[in-house]
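This report concerns only the one structure given below.
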Amino acid sequence: MRYNQYAYVETDYATQVKELLQINFLPVDYQQCTFGELLATMVENTLAEVNLTDSTTRQAKLTEFAVSETETLASYLATQPQEMSPAQFYNVALQLLGYHVHYDYELSDPLSFMTKNALPVVENISNCTDLITAFYRLLNTRSQNGQLLIDVMAGKGYFADRRQTLPGSQFVLLNGKSLPVFDTSKVIREVVYVESDLDTDEDGQSDLLQVTIFRPVESQQLKVPALYTASPYFGGIIDNEKRNYSVDANLANACAWTNPQYEASNIIPAAKPSTANHENHPPVEKAVGKSSYGLNEYMLARGFASVFAGAIGTRGSDGLRITGAPEETESAKEIIEWLHGDRIAYTDRSRQHETRASWCNGNIGMTGRSYLGTLQIAIATTGVAGLKTVVSEAAISSWYDYYREHGLVIAPEDCQGEDLDLLAETCQSNLWDAGDYLKIKPKYDAMQKQLQTKEDRQTGQYSDFWEARNYRHQAAGIKCSWISVHGLNDWNVKPKNVYKIWQQVKNLPIEHHLFLHQGPHYNMNNLVSIDFTDLMNLWFVHELLEVNNGAEQQWPAVMVQDNLQADKWHEEEDWSDEVGHSTSYYPTDEGELQKDGNGQAKAAFIDQGGVEFNKAHLTESEWQYKFICGDDKWAKASLRFITDEFIHPVTIVGRPEVTVRVSSSLNKGQLSVALVELGDRRRLTATPKFLMRGGQELGFRFGTDTLQEFMPDKLTHAKLITKGHMNLQNYADMKKPVAIEPGQFYDLTFKLQPTYYQLPAGSKLCLIIYSTDQAMTKRPLEETTYTVDLSATAIKFKQK
């Protein structure tokens, strides 16, 4: 497995020496040291678990290392060497990185192992200058647990032992990244209450918003940036899974659609922050919640405050949870305004004593996945002052694209029957506190009824209600730098969400990057194949500490993890329908899919909705695998068209577009289309495999994380590439349904979810046309016959 490393910044020798002296790794008299003395000292310093002042023990540890098949490091040093071969150095280096002789590599050939695992090598170590450079590069090399060696040393107490000799109360950088020199045993944990301009619970007072802060004790003397995670889940969640809507229901005639409207909540402007210094009272409430995001914890040890707030409707805050609405964006944005010094906050809910974020340097970044990433997009579109960057993972850019698609109710994966009102209920955690319950419950009940009506589960049509929840309309307001992270196999927050916002962000005058990994609804921290955490460290130092470390040019605009080899990342300039060349395939009367297809027949299939599925007692994922593999029982309710085997690899990029001429036996209907790779092979695991559980120290005795990666798994017969769904009544207009006649043919043209997928040589591409998607669409209880005119049916996509 290749330990790809993109975050290493090429650094000149003078800077290397300066940085190594600053962290007390290089002895101050290094210029008077012999080669052997310098080698011994730097190896000993790497052994952070050994007492810093016990020279006997430090020297004795050198006997545990070998430089060759016949010589230990201690005996080698006894020869007073003046130079070292790369093989000798990297035998020792691999042991320092956590690898084991014979089990991981052989002393006879360490360089082959270095090359195989993409570990960097300094090719010449003939003097002390070369040795210093080699150790500088080694400290900034990923170890067996995926972390940089300097971070492994920090986890063992390197900086804790040297805290008194390090620069006091300031950030210490190595290779452009912040080091964990902050005292994590004394983290300040506090709560404040920001005053909103909203009155969502209509009690005549502006809503108070609880904010939880974890910051370094050094922030009492040093202004630090804040990493803010807007998390509606932070105060806890209300489990409502048992009352998810039934999807075993017939489709409605969409012409009953009435275009529900968005209605704004009351506004009561908050008081202005005081200008008098004596009005800054220290917080009095201690945080009892725990930081819930590993990247924040990692950066907290490196001096970046970690801030969490659920905003309106969550525990400790006033108001109602109005999922996706502008009020939600506004309330979450107001936390940044306080951090930047532009909004008032109080020490408690009595609103008597003002408190300021005087510890914050005014630069705020945002982190988080899923709903937490979604709110980053929402807030970024406001252009709020102080927000410098977002790292938005698996995020929704339009709530319609989360719960609906092309005029249909479409569930997020594993969430059949969930909808916007249920998510609001899940996050309305202030109902847990009895006093808030008494105050909020009547207004909450009314709000729930309004959401249930306006979300319109009957027709699934776009409306003003959903329009207000489409952040892409305000993308021009984005002023901060941008990083998006998304799984190419995410069927919860489907890839269209990141694809569409990316098409706008990439044209804005801001720094922007996109990571696409092979996971489902998952983050990509701590993968073997990429040093994502180190990249984010480099990025936050650049954006929030305003250090010119070259982060903006350090890696390409788009990074895509390969679906055949997890340790291979494609470096791209863009991800769009403009990449590659266009290819079209057509179905034939014989069930083939060809570039010169000549299908003229009218082929039909009978859809029975969820009738057979409910009898089978399968999970939705079990059904999907059987379906895409062509299992007779499930494939009969579809049309399948298959290519010949590819003689060379083909990569599909962007959003495939399908055109289907179709009729329904009813005056309504839903059509689903899937692209599938067929071929028996061992594909990557659906989620990363844990390789070293708890093996990464985030700081010295400050929590752990886990090394992981997608790995080749058991043999499978097929893999879903992408799919899409459409209401037949939207054939003429995606935003407005029209009546259709049974038996009448209509031309549907729509795009599938975007992808970046490599079909290997020997595989086949399969186009499946069907109706009910048991995992996502409604499952009608009535039988419907769909007839497809093959002469006007095609699939078109871009390929590389």
Side-chain angles (χ1 to χ4, degrees), residues 3 5 7-9 11 16-28 30 38-55 57-62 64-65 73 89-90 92-100 119-120 122 131-167 171-185 297-303 526 531 533-534 537-538 692 694-705 707:
Y3 280 59
Q5 189 168 350
Y8 179 74
V9 180
T11 307
Q16 293 175 8
V17 169
K18 177 182 177 182
E19 292 181 353
L20 294 178
L21 286 170
Q22 183 175 230
I23 64 171
N24 295 316
F25 185 82
L26 193 62
V28 292
Y30 73 96
L38 197 57
L39 173 62
T41 299
M42 290 195 287
V43 171
E44 290 172 7
N45 283 342
T46 307
L47 304 175
E49 66 272 26
V50 180
N51 191 308
L52 179 62
T53 60
D54 192 336
S55 59
T57 302
R58 284 162 62 88
Q59 293 172 13
K61 292 290 286 186
L62 302 183
E64 299 177 7
F65 294 84
L73 176 59
F89 180 82
Y90 286 105
V92 176
L94 284 170
Q95 295 162 63
L96 292 172
L97 290 172
Y99 294 100
H100 304 289
L119 301 173
V122 174
L131 185 63
I132 290 170
T133 292
F135 262 100
Y136 181 87
R137 190 64 183 91
L138 182 61
L139 293 183
N140 289 288
T141 294
R142 301 180 69 195
S143 63
Q144 187 187 34
N145 76 347
Q147 288 184 303
L148 298 181
L149 179 56
I150 188 66
D151 283 339
V152 174
M153 294 160 54
K156 294 177 180 178
Y158 181 90
F159 295 112
D161 290 345
R162 293 163 174 78
R163 188 162 284 127
Q164 299 305 315
T165 60
L166 292 171
F171 290 86
V172 177
L173 306 183
L174 180 68
N175 197 241
K177 295 171 273 294
S178 185
L179 293 171
V181 301
F182 294 83
D183 190 348
T184 52
S185 68
E297 291 288 275
Y298 173 85
M299 294 306 300
L300 177 56
R302 289 152 180 81
N526 315 311
D531 53 337
T533 302
D534 298 329
N537 188 338
L538 191 74
M692 198 175 293
Q696 298 183 337
E697 297 282 349
L698 300 177
F700 180 52
R701 297 173 183 172
F702 189 60
T704 62
D705 219 324
L707 183 67

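Heavy-atom minimum distance, Arg137 versus Val122: CB-CG2, 4.3 Å. The shortest heavy-atom contact between Val152 and Ser143 is CG2-OG, 3.2 Å. Heavy-atom minimum distance, Leu138 versus Ala93: CD1-CB, 3.7 Å. Closest of all the heavy-atom pairs between Ala301 and Phe702 is CB-CD2, 4.1 Å.
Salt bridge status for Asp151 with Arg302: present, with a side-chain N to carboxylate O gap under 4.0 Å.
For the pair Phe159 and Ile23, the minimum side-chain heavy-atom distance is below 4.5 Å. A heavy-atom distance below 4.5 Å is not found between the side chains of Tyr90 and Leu97. The closest side-chain heavy-atom distance from Leu94 to Leu119 is below 4.5 Å. Side-chain contact check for Tyr298 versus Asn526: every heavy-atom pair is 4.5 Å or farther apart. Side-chain contact between Leu38 and Leu26 is present, with at least one heavy-atom pair separated by less than 4.5 Å. Residues Leu139 and Met153 form a side-chain contact, since some pair of their non-hydrogen atoms from C-beta on lies under 4.5 Å apart. Ile132 has its side chain within reach of Tyr30: a pair of non-hydrogen atoms, C-beta onward, lies under 4.5 Å apart. Side-chain contact between Leu131 and Met42 is present, with heavy atoms from C-beta onward closer than 4.5 Å.
Between Phe25 and Tyr158, the ring-plane angle classifies as tilted under the 30° and 60° cut-offs.
Arg163 contributes atom CZ, which lies 8.0 Å from atom CZ of Phe700 (distance to the nearest 0.5 angstrom). The line from NZ of Lys18 to CG of Leu20 is 12.5 Å long, rounded to the nearest 0.5 Å. Note: Leu300 CG to Thr184 OG1 = 8.0 Å, rounded to the nearest 0.5 Å. Distance CD/Gln5 to CG/Asn140: 7.5 Å, rounded to 0.5 Å. Atom-to-atom distance recorded for Gln144:CD and Gln95:CD is 12.5 Å, nearest 0.5 angstrom. Rounding to the nearest 0.5 Å places CG of Asp531 at 5.0 Å from CZ of Arg142.
Tested against Val43 for a side-chain contact (heavy atoms from CB on, under 4.5 Å), the candidates Asn45, Leu39, Thr41 yield a single pass: Leu39.
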(request) Test Leu174 against Tyr136 for side chain to side chain contact (heavy atoms under 4.5 Å, CB included), laying out the working first. (result) CA-CA 9 Å; Leu174 180 68; Tyr136 181 87; 3.6 Å; yes
(message) Apply side chain to side chain contact (heavy atoms under 4.5 Å, CB included) to residues Leu148 and Lys177 and explain how you reach the verdict.
(response) CA-CA 11 Å; Leu148 298 181; Lys177 295 171 273 294; 3.9 Å; yes
(request) Would you check, one step at a time, whether the test side chain to side chain contact (heavy atoms under 4.5 Å, CB included) holds for Leu96 with Phe65? (result) CA-CA 9 Å; Leu96 292 172; Phe65 294 84; 3.6 Å; yes
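Within the 3.5 Å criterion, the main-chain N or O of Val9 finds a donor-acceptor partner in the side chain of Asn175. Looking at Asn537, its side chain does come within 3.5 Å of a backbone N or O of Ser178 through a donor-acceptor pair. Judged purely by atom type and a 3.5 angstrom limit, Asp534 has no side-chain atom pairing as donor or acceptor with the backbone of Ala7. Using a distance-only test at 3.5 Å, with no hydrogens or angles considered, a donor-acceptor pair links the side chain of Gln696 to the main chain of Asn145. Judged by distance alone, the side chain of Gln16 and the main-chain N or O of Thr11 form a donor-acceptor pair under 3.5 Å.
In terms of the salt bridge (charged side-chain N to carboxylate O under 4.0 Å, His left out) criterion, residue partners of Glu44 (sequence neighbours excluded) are, by chain and number, Arg58. Judged as a side-chain contact (heavy atoms from CB on, under 4.5 Å), and not counting sequence neighbours, the contacts of Gln22 are Pro167, Gln170, Val172.
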